[in-house]
Amino acid sequence: RNGTIRLDQGPAVNGVRPAVDVTLLGAAAAYGPRVVAAVLTGMGKDGTDGARALKRAGGYVLAEHESSCVVYGMPRSIVEEGLADEVVPIEEMADAIVRYLSKPVSTERGHERPTVSVGVSQN
């Protein structure tokens, strides 16, 4: 909640440490609707539960398009679960993040515009 990310030696989540799910769950709890998360190339489903929590909290989730992924695992899981607000190739990701961070107050979601961006990738 103080804007600090701390790595620890806790147990692996989804077989990895650090785990994207842990990062996104923390961001959702601390910043909720002010978060834009970008799930990039990576293996497995790590990030899916965190993205679900982030969406419930009013945040936004972007997923890297298969065409630019080295490994289309994590983004695929986000897309297949219907959690991606947008799917974009890596070369367009920065513009997409800026676009979501620049959104005015959303009447649809009833939240302030996002002010925090969390990029996540296993690689």
Side chain [X], main chain [Y], donor-acceptor under 3.5 Å:
{"X": "Asp8", "Y": "Gly10", "answer": "yes"}
{"X": "Asp21", "Y": "Gly50", "answer": "yes"}
{"X": "Asp46", "Y": "Ala19", "answer": "no"}
{"X": "Ser68", "Y": "Ile90", "answer": "yes"}

Beyond-backbone contact of Met74 with Ile78, side-chain heavy atoms, under 4.5 angstrom: no

Leu62 side chain near Ile97 side chain, heavy-atom distance below 4.5 Å: yes

Hey, any chance [X] and [Y] share a hydrophobic cluster, counting ILVMFWY side chains that come within less than 4.5 Å of each other, even indirectly?
{"X": "Val39", "Y": "Val13", "answer": "no"}
{"X": "Leu25", "Y": "Leu40", "answer": "no"}
{"X": "Val88", "Y": "Leu101", "answer": "yes"}

Note: Glu81-Lys45 ion pair, threshold 4.0 Å (strictly below): no

Value rounded to 0.5 Å, distance of OH in Tyr72 from NE2 in His65: 6.5 Å

Interatomic distance, Arg76 atom CZ to Thr48 atom OG1 [nearest 0.5 angstrom]: 12.0 Å

What are the two closest heavy atoms between [X] and [Y], and how far apart are they?
{"X": "Gly44", "Y": "Ser77", "value": "O-CB, 4.4 Å"}
{"X": "Ala28", "Y": "Ala57", "value": "O-CB, 3.9 Å"}
{"X": "Leu54", "Y": "Gly32", "value": "CD1-O, 3.7 Å"}
{"X": "Lys55", "Y": "Val61", "value": "CD-CG2, 3.8 Å"}
{"X": "Ala51", "Y": "Leu24", "value": "N-CD1, 3.7 Å"}
{"X": "Ala38", "Y": "Met93", "value": "CB-SD, 4.0 Å"}

